[in-house]
Undergrad: 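Before I ask anything, let me first share the structure, which is written out below as structure tokens.
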Amino acid sequence: MRIETVGVVGAGTMGNGIAQVAAIAGLKVVLVDVTEAALAKGVATLGGSLARLVEKGKVEASSRDAALARIETSTDYQRLGVADIVIEAATENVELKIRILRQIEGVVRNDAIIASNTSSISITTLAATLCRPERFIGMHFFNPVPLLPLVEVIRGLQTGTETAAAVSDLTTRLGKSPVNVRNAPGFVVNRILVPMINEAFFVLADGIATAEEIDTGMMLGANHPIGPLALADLVGLDVCLSVMDVFLKDFGDSKYRACPLLRELVAAGRLGRKTGHGVYRYEKA
């Protein structure tokens with residue numbers, strides 16, 4: 001199956017990033033969200049991202065303009081009927097994702113592929129709620145989508161071989177590197193990464209070192225390009241907490257208990273870069 005039109009549901013951080021890389025790769029994009037305001041914000045964000053790439057000489061101005069022209073926005077799910085694949089990029093909430101995935105399935109062609117950008121939720125569980133589970137797969141992009149080259153391609157128990165092959169091919173066309181992963185909580189990267197971030201919060205809460213010292217220690221001592229607490233702010237503290245809660249529920253192992261400090265910061269609305277305050281403070285764009 002040759003994919004030429006990509007639907008994206010959710011114009012937030014991940015969704016607008018996915019729309020950007022698809023459009024730059026020459027694919028038509030239908031970006032759907034619940035409000036015009038959310039769509040406008042998403043398009044403005046990806047437009048700004050493309051502008052920075054032009055300034056750095058990584059994208060030609062003509063390519064940026066062509067990419068923006070390939071993106072259609074809508075609040076109407078019916079517009080997804082033209083898509084060869086629809087990628088759901090909503091918040092990490094099982095009930096919300098199931099509701100959105102069912103809406104998508106109700107409007108796309110029978111041969112269309114549906115993918116979820118979930119970072120931790122079982123692809124097998126999500127597939128089981130659909131009428132055509134063999135056409136469902138996980139495509140886990142990483143933030144920031146335009147810059148990070150990895151996509152975890154996750155096959156649920158029901159995912160068809162043709163579906164997996166088509167999505168791996170699409171991932172390569174997007175300029176990304178696909179890693180084929182068996183369905184399991186957190187898949188590969190987040191299974192390792194998020195518990196490490198959670199442990200950094202425990203170290204901070206215990207007063208062993210300041211946030212800056214923890215991050216510097218991991219950057220200089222473990223050769224990480226960014227410290228775990230700064231990375232948590234980039235990912236979103238709410239996302240990190242959600243992943244830890246999924247791990248605790250699915251594995252039933254107390255080692256995945258979220259740090260109380262992480263939970264308290266989320267309760268306070270300090271979610272990281274997107275709110276201007278997480279572990280660190282940021283100037284809002």
Side-chain angles (χ1 to χ4, degrees), residues 10 12-18 45 49 89-94 96-97 116-121 138 140-152 181 184-251 253-285:
T13 301
M14 299 304 292
N16 69 61
I18 295 168
T45 299
S49 174
T91 304
E92 283 294 277
N93 177 285
V94 175
L96 174 63
K97 285 186 181 291
S116 176
N117 181 54
T118 179
S119 57
S120 61
I121 299 169
H140 180 208
F141 293 79
F142 289 78
N143 184 28
V145 176
L147 301 181
L148 294 187
L150 178 66
V151 176
E152 288 181 319
V181 176
F187 318 125
V188 172
V189 175
N190 279 347
R191 171 83 174 269
I192 299 167
L193 177 64
V194 181
M196 182 197 73
I197 290 173
N198 190 56
E199 193 63 28
F201 276 98
F202 273 115
V203 172
L204 179 63
D206 288 346
I208 296 171
T210 65
E212 292 83 355
E213 289 166 335
I214 292 167
D215 281 348
T216 298
M218 292 303 294
M219 290 168 67
L220 301 183
N223 201 29
H224 290 190
I226 184 173
L229 297 173
L231 180 57
D233 276 353
L234 178 61
V235 171
L237 270 61
D238 53 335
V239 175
C240 294
L241 176 60
S242 176
V243 172
M244 289 303 299
D245 284 344
V246 168
F247 286 173
L248 182 62
K249 176 179 178 293
D250 288 358
F251 286 115
D253 190 328
S254 61
K255 75 178 182 179
Y256 295 112
R257 177 176 67 94
C259 176
L261 175 59
L262 172 59
R263 196 174 296 280
E264 185 173 12
L265 290 173
V266 171
R270 289 174 51 177
L271 308 183
R273 287 182 178 270
K274 59 189 173 185
T275 60
H277 195 186
V279 177
Y280 302 102
R281 286 189 177 275
Y282 303 90
E283 289 186 9
K284 287 190 175 182

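Being a predicted model, the structure only gives us computed values, none of them experimental. Here, residue 1 is the first one in the sequence, and each next residue gets the next number.
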Undergrad: Under 4.5 Å between any side-chain heavy atoms of T118 and K97, yes or no?
TA: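 Yes. Closest side-chain heavy atoms under 4.5 Å.
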Undergrad: Is T91 reaching over with its side chain to a backbone N or O of N93, donor-acceptor style, under 3.5 angstrom?
TA: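 No, the answer is negative, given that no donor and acceptor are paired below the 3.5 Å cut-off.
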Undergrad: With rounding to the nearest 0.5 angstrom, report the OG to NE2 distance, S120 to H140.
TA: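 Those atoms lie 8.0 Å apart.
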Undergrad: Out of curiosity, S242 OG to F247 CZ, how far, rounded to the nearest 0.5 Å?
TA: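 The OG atom of S242 sits 10.0 Å away from the CZ atom of F247.
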Undergrad: Atom CD1 of I121 and atom CZ of F187: how far apart are they, to the nearest 0.5 Å?
TA: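 Result: 8.0 Å between the selected atoms.
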Undergrad: Could you list the donor-acceptor pairs under 3.5 angstrom formed by side chains in residues 210-237, with sequence neighbours left out?
TA:
unit_1	atom_1	unit_2	atom_2	d
T210	OG1	E213	N	3.1
T210	OG1	E213	OE1	3.1
E213	OE1	T210	N	2.9
D215	OD1	L229	N	2.9
D215	OD2	A230	N	3.1
D215	OD2	Y280	OH	2.7
T216	OG1	E212	O	2.8
D233	OD1	V279	N	2.9
D233	OD2	V279	N	3.2
D233	OD2	Y280	N	3.0
D233	OD2	Y282	OH	2.7

Undergrad: Rounded to the nearest 0.5 Å, how far does CG of L271 lie from CG of L265?
TA: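 Between atom CG of L265 and atom CG of L271 there are 9.0 Å.
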Undergrad: Begin with the C-alpha distance, continue with both residues' side-chain angles, and end with the deciding distance and a verdict on side chain to side chain contact (heavy atoms under 4.5 Å, CB included) for S119 and V243.
TA: CA-CA 7 Å; S119 57; V243 172; 3.7 Å; yes
Undergrad: Salt bridge between E264 and R270, side-chain N to carboxylate O under 4.0 Å?
TA: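 Salt bridge absent between E264 and R270.
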Undergrad: Given K274 and D238, is the side chain to side chain contact (heavy atoms under 4.5 Å, CB included) satisfied, shown in steps?
TA: CA-CA 11 Å; K274 59 189 173 185; D238 53 335; 2.9 Å; yes
Undergrad: Using the test side-chain contact (heavy atoms from CB on, under 4.5 Å), find all partners of N16 that sit at least two apart in sequence or belong to another chain.
TA: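 N16 satisfies side-chain contact (heavy atoms from CB on, under 4.5 Å) with T45, L46 only.
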Undergrad: Write down the atom of L248, the atom of S254, and the distance for their closest heavy-atom approach.
TA: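 Heavy atoms of L248 and S254 come nearest at CD1-CA, 4.1 Å.
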Undergrad: What is the minimum heavy-atom distance between I18 and V145, and which atoms define it?
TA: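 Where I18 meets V145 most closely, the heavy atoms are N-CG1, 3.8 Å.
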Undergrad: Does the pair R263/D245 count as a salt bridge with the N-to-O cut at 4.0 Å?
TA: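 Looking at D245 together with R263, the answer is yes, because their closest N to O distance falls below 4.0 Å.
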Undergrad: Considering only distance and modelled atom types, tabulate donor-acceptor pairs under 3.5 Å from the side chains of residues 192-206, sequence neighbours left out.
TA:
unit_1	atom_1	unit_2	atom_2	d
N198	OD1	C259	N	2.8
N198	ND2	R257	O	3.0

Undergrad: How close do F142 and V189 get, counting heavy atoms only, and between which atoms?
TA: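 Nearest pair, atom of F142 first, then V189: CE2-CG1, 3.5 Å.
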